[in-house]
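Keep in mind that this is a model prediction, so the values were computed, not measured. Here is the naming used below: chain letters follow the sequence lines, and residue numbers restart at 1 for every chain.
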There are 2 protein chains.
Amino acid sequence: MAGSLAPGQRISERGLAAALDISAQPVREALRRLEVEGMVETRPRSGTYVADLGRDRLFEIGLIRATLEAVAARLAAERATPADHAAMRSRLDAIAGAMRSEDAAAVTLANEALHDAIHAAAASRDVTRLLEGLRAYDHLTRERILSTAEERATAQAEHQAIVQAIIAGDARAAEAAMKAHALRSLSVALP
Amino acid sequence: MAGSLAPGQRISERGLAAALDISAQPVREALRRLEVEGMVETRPRSGTYVADLGRDRLFEIGLIRATLEAVAARLAAERATPADHAAMRSRLDAIAGAMRSEDAAAVTLANEALHDAIHAAAASRDVTRLLEGLRAYDHLTRERILSTAEERATAQAEHQAIVQAIIAGDARAAEAAMKAHALRSLSVALP
DNA sequence: TGGTTGAAACTACCATGGCAGATGGCAGGG
DNA sequence: CCCTGCCATCTGCCATGGTAGTTTCAACCA
């Protein structure tokens with residue numbers, strides 16, 4: 001994710017283990033996990049290679065992420081407790097505050113916090129698990145997003161609509177609002 | 001998946017390795033993969049336990065699966081080649097044939113074949129990868145589905161609508177049709 | 001000079017052994 | 001009878017060593 005390894009580059013279990021000064025076994029397990037997440041590919045008896053994350057692939061992953069976030073919003077609308085409602089409202093205010101302070105990093109952080117609150121309200125191990133597996137990819141696209149004031153205002157309006165639908169218990173509206181928000185963000189990040 | 005292990009039951013790496021007459025290491029890796037897929041849970045230094053697949057959890061997974069299948073249909077509509085079109089049409093006919101022969105197992109098989117063709121047309125490694133990780137769960141719900149003649153007719157009509165939208169290149173319609181189909185199937189399987 | 005081949009080097013993969021920590025049962029005290 | 005602390009046992013976890021298969025590259029031939 002740091003970009004220090006070029007796409008297609010070969011990663012050696014033993015070599016990486018030597019660099020980290022540990023055994024090859026835990027390195028191997030870590031590479032297997034990355035393989036399940038799609039970050040690397042392993043050709044048997046040949047090597048483990050860094051996956052190529054081109055624009056098309058990132059877009060697909062963004063598409064997947066959008067629909068999964070929508071499912072999370074739907075479940076949150078069906079299950080959220082008053083405590084969840086309070087948490088989401090609080091995170092929403094935090095985003096607004098971060099926007100006023102013009103701190104880009106804080107906005108991104110507050111943004112993720114809101115999404116985490118929604119995931120928590122959805123209370124679905126599987127949705128959370130899958131989204132967690134996709135989270136690493138976001139950092140590759142989340143950069144240019146929210147760069148303009150207009151964009152930030154639009155995003156915040158969408159956030160409010162999502163939270164409102166969840167609190168109202170309108171599952172269909174929450175799902176649609178989240179999907180629209182995620183897809184629009186995606187089209188901004190990967191034009 | 002065969003049901004021979006009760007939910008919550010502990011699985012021992014060494015014990016399973018001894019039963020399979022192999023080393024504990026590949027067993028460990030297999031359990032790690034199952035953990036990523038959500039089939040088992042591991043408490044550090046304690047043990048690996050069979051996950052509890054209650055009705056709610058299966059329903060959630062069905063929800064996720066429905067949206068992912070919808071993404072696949074959308075991508076297929078955007079990317080399918082004439083060869084993909086022919087393959088889908090062929091699989092559609094195969095389902096109809098299996099239905100006429102009243103062979104339940106053949107219908108299920110032909111059903112999966114059509115979905116595979118759509119996945120192939122979508123040509124997305126990530127969508128295929130995630131759906132593959134969820135496939136195991138289907139066999140737990142795919143049983144009572146398609147049991148009545150009315151149900152089979154409805155499903156086949158939906159299949160035709162999906163394929164038609166994909167061939168027409170209408171991404172939005174394909175996505176909506178697939179989602180409706182998957183959600184309705186889910187509501188039948190888990191009433 | 002272009003193509004073939006063969007062997008050395010490297011790869012993922014697995015078996016074995018040993019370690020810190022968690023578990024469960026059992027004796028002893030309340 | 002219930003609770004508590006202890007110890008044998010079992011657990012996941014990692015280090016080490018060895019094997020079959022792949023890649024690489026250079027020597028050799030046409």
Does a side-chain N or O from B:R28 land closer than 4.0 Å to OP1 or OP2 of C:dC14, or not? no
Any donor-acceptor pair under 3.5 Å from A:D116 side chain to A:A113 backbone: no
Where along residues 11-24 of chain A does a heavy atom come under 4.0 Å from DNA chain C, residue by residue in number order? A:I11, A:S12, A:E13, A:R14
Ion pair A:R32/A:E37, N-O distance below 4.0 Å: no
Is the side chain of B:R129 donor-acceptor paired with the backbone N or O of A:V36 at a distance under 3.5 Å, no angle test? yes
B:E29: what forms a salt bridge (charged side-chain N to carboxylate O under 4.0 Å, His left out) with it, not counting sequence neighbours? A:R28
Going by the rule ring pair (Phe, Tyr, Trp, His ring centres under 6.0 Å), which residues pair with A:H119 if we only count those two or more places apart in sequence or in a different chain? none
If you walk 5' to 3' along DNA chain D, what is the first nucleotide with an atom under 4.0 Å of a heavy atom in chain B, and what is the last? D:dT11 to D:dA15
Against the six-membered ring of B:Y137, is B:R65 placed for a cation-pi contact (under 6.0 Å from the centre, within 45° of the normal)? no
Geometric class of the A:H115/A:H159 ring pair [parallel <30°, tilted 30-60°, perpendicular >60°]: perpendicular
Contacts of B:S23 meeting side-chain hydrogen bond (donor to acceptor under 3.5 Å, both in side chains) (sequence neighbours excluded), chain-then-number -> none
So if I define the base as every atom that isn't primed, P, OP1 or OP2, how would nucleotides 20-26 of chain C read as a B/S/- string at a heavy-atom cutoff under 4.0 Å? BSSS---
In Å, rounded to the nearest 0.5 Å, how long is the span from CG of A:D126 to CG of B:L63? 11.0 Å
Answer yes or no: is there an ion pair linking B:R152 with B:E102, defined by an N-O contact shorter than 4.0 Å? yes
